[in-house]
Protein chains: 2
Amino acid sequence: MLPEDNILFKGIDQSDCRRMISCFNADIKTFRTGQKIMDYSDNPDKLGVVLSGTAVMVRYDINGVRSIMESLDEQSIFGVYFTFTASQRSGIEIVAETECNVMFVKRSEITKRCEKACQCHSKVVENLLQLMSEKAISLNERIEVLSQRTIEEKLISCLSIIEEKTPNGKAPQIPFSTTALSDYLCVNRSALQREITRLKNNGVLTISKRKFKLMRNRDSDN
Amino acid sequence: MLPEDNILFKGIDQSDCRRMISCFNADIKTFRTGQKIMDYSDNPDKLGVVLSGTAVMVRYDINGVRSIMESLDEQSIFGVYFTFTASQRSGIEIVAETECNVMFVKRSEITKRCEKACQCHSKVVENLLQLMSEKAISLNERIEVLSQRTIEEKLISCLSIIEEKTPNGKAPQIPFSTTALSDYLCVNRSALQREITRLKNNGVLTISKRKFKLMRNRDSDN
DNA sequence: AAAAATCTGTTGCAATTGCAACACGGGAGG
DNA sequence: CCTCCCGTGTTGCAATTGCAACAGATTTTT
């Protein structure tokens, strides 16, 4: 992908983008599979956009156990959420999963008013804010789902959210395999399967492939 | 609290703040207990800071069930996370719990470059980004905790996070009552109590009042 | 086309958790 | 001082969930 097409620069025309890339002193680098792209003990002012390839954000807890916090595909942005406060906390790293092309920008370059006062500067800030708010929304949705006490409630809450976001007329669709869904819901796969089957038998839910439909308003399901 | 002292204006001196309040066309209003402060179907560009009093962010789900998403005390900011994408989604409202003083600013006023090009303008943007990233961090922590499968794991994960954030030398402290903690962990209170007692008996945990200490590295706890 | 890998669907059994009920203690307020 | 309210701590029992194991279906690789 061309650096000019990245989401931070959305809504800005190409020539302005090129001007900004130099105005921002943006740095474009290539990483090979397995290479460390960024280490949070390093530079807290750096922000990255994945232009091509796939990376992961991993975290090592106090016992050294590695867990994947987030998968970063093309157009993913990182270094926005964890730099300020979390830097003291245990090691978070960005690691390349395939060959990656990454653009780095200093956050301070974005927030400061440049002398040339390029109009598009404020568009970038808006884009950044938009990205962060979308992120916060998806985190909140996840919390809403995980807050539910039973698998049935988790599942229905998750499906409701998907349903609400589906445009009218389109059939709501689960974006995962059942196995992946069980990871998202943080429950055992076969227990999830059991619940799905039960809800289908009770007529609360219909699923074919990944398309589904929720029947609501029927109180008391046994 | 004076409008000049709010977190959006942190690090900016008073006279500049006053100038900005007019530059931003900021609006300061008072609400009485129970009054609706903001409705997300309204104006998606508005952002609010609670200057005094307490409010709550509530959400009505598809069945009309009301749940509290967030408690907003003095210095809380709202309208930042949910405006862009979530506005279509089911009704989110901000409601005054006590008498409240609220400052409203348009987000577009913050992101745009004003002609007067006040230096402090970019400081406000930085503050806003900082607030959002802190928010994202705390949401992520919550998810990390809720992702754990058992009450024991949830508890230990939660306490570890608190421990990591506690400055060296200070005793880590749970910021809730046990009852409130069970709400945060989304588990049954008495089941949580049972686990706490068990961990204390096994020597994994010591608690007195709200101060606690975790003993790690002892593999195999039964 | 065969083999391997991955996902779906099911079930018995054991472990965890929720629920309800009760006892105790401290703080607020009459 | 007494009462009410709220948080803590405990326990038996029922419901939910995790785990393991297996079979069939589907997809990917060789």
Which residue pairs satisfy the ring-ring contact (aromatic ring centres under 6.0 Å, His included) criterion with at least one member in residues 143-171 of chain A, sequence neighbours excluded?
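Matches after skipping sequence neighbours: none remain.
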Report the distance from atom [atom1] of [X] to atom [atom2] of [N], rounded to the nearest whole Å.
{"X": "A:L181", "N": "C:dG9", "atom1": "CG", "atom2": "P", "result": "12 Å"}
{"X": "A:R198", "N": "C:dT10", "atom1": "CZ", "atom2": "C1'", "result": "15 Å"}
{"X": "A:E195", "N": "D:dT17", "atom1": "CD", "atom2": "C1'", "result": "9 Å"}
{"X": "B:E152", "N": "C:dA15", "atom1": "CD", "atom2": "C1'", "result": "13 Å"}
{"X": "B:R210", "N": "D:dT8", "atom1": "CZ", "atom2": "C1'", "result": "12 Å"}
{"X": "B:Q148", "N": "C:dT16", "atom1": "CD", "atom2": "P", "result": "15 Å"}
{"X": "B:E153", "N": "C:dA15", "atom1": "CD", "atom2": "P", "result": "16 Å"}

Do B:Q130 and B:E134 have a side chain donor and acceptor closer than 3.5 Å?
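Distance-only check passes for B:Q130 and B:E134.
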Does a nitrogen or oxygen in the side chain of [X] sit under 4.0 Å from OP1 or OP2 of [N]?
{"X": "A:T179", "N": "C:dT8", "answer": "yes"}
{"X": "A:T150", "N": "D:dT16", "answer": "no"}
{"X": "B:Q193", "N": "D:dG9", "answer": "yes"}
{"X": "B:T178", "N": "D:dT8", "answer": "yes"}

Between B:N6 and B:L8 (side chain of the first, backbone of the second, donor and acceptor by atom type, cut-off under 3.5 Å), is there such a pair?
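Yes.
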Can you name the salt bridge (Lys or Arg N to Asp or Glu O under 4.0 Å) partners of A:R18, sequence neighbours left out?
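So A:R18 forms a salt bridge (Lys or Arg N to Asp or Glu O under 4.0 Å) with A:E4.
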What residues, two or more places apart in sequence or in another chain, satisfy salt bridge (Lys or Arg N to Asp or Glu O under 4.0 Å) together with B:K213?
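Residues passing salt bridge (Lys or Arg N to Asp or Glu O under 4.0 Å) with B:K213: none at all.
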I'd like a list of close polar pairs between nucleotides 18-20 of chain C and the protein, N/O only, cut-off under 3.5 Å.
from: C:dG18; atom 1: OP2; to: B:N188; atom 2: N; distance (Å): 2.9
from: C:dG18; atom 1: N7; to: B:R194; atom 2: NH2; distance (Å): 3.1
from: C:dG18; atom 1: O6; to: B:R194; atom 2: NH1; distance (Å): 3.2
from: C:dG18; atom 1: O6; to: B:R194; atom 2: NH2; distance (Å): 3.3
from: C:dC19; atom 1: N4; to: B:S190; atom 2: OG; distance (Å): 3.3
from: C:dA20; atom 1: N6; to: B:S190; atom 2: OG; distance (Å): 3.2

Partners passing side chain to side chain donor-acceptor pair (under 3.5 Å) against A:Q35 (at least two apart in sequence or in another chain):
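If we apply the side chain to side chain donor-acceptor pair (under 3.5 Å) test to A:Q35, skipping adjacent residues, there are no hits.
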Not counting sequence neighbours, list each pair that qualifies as a salt bridge (charged side-chain N to carboxylate O under 4.0 Å, His left out) and has a residue in residues 183-196 of chain A.
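For residues 183-196 of chain A: A:E195-A:R198.
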Let me know, please, whether A:K200 or B:K154 comes out on the 5' side of the other along DNA chain C by nearest nucleotide.
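Its nearest nucleotide lies further toward 5', so the answer is A:K200.
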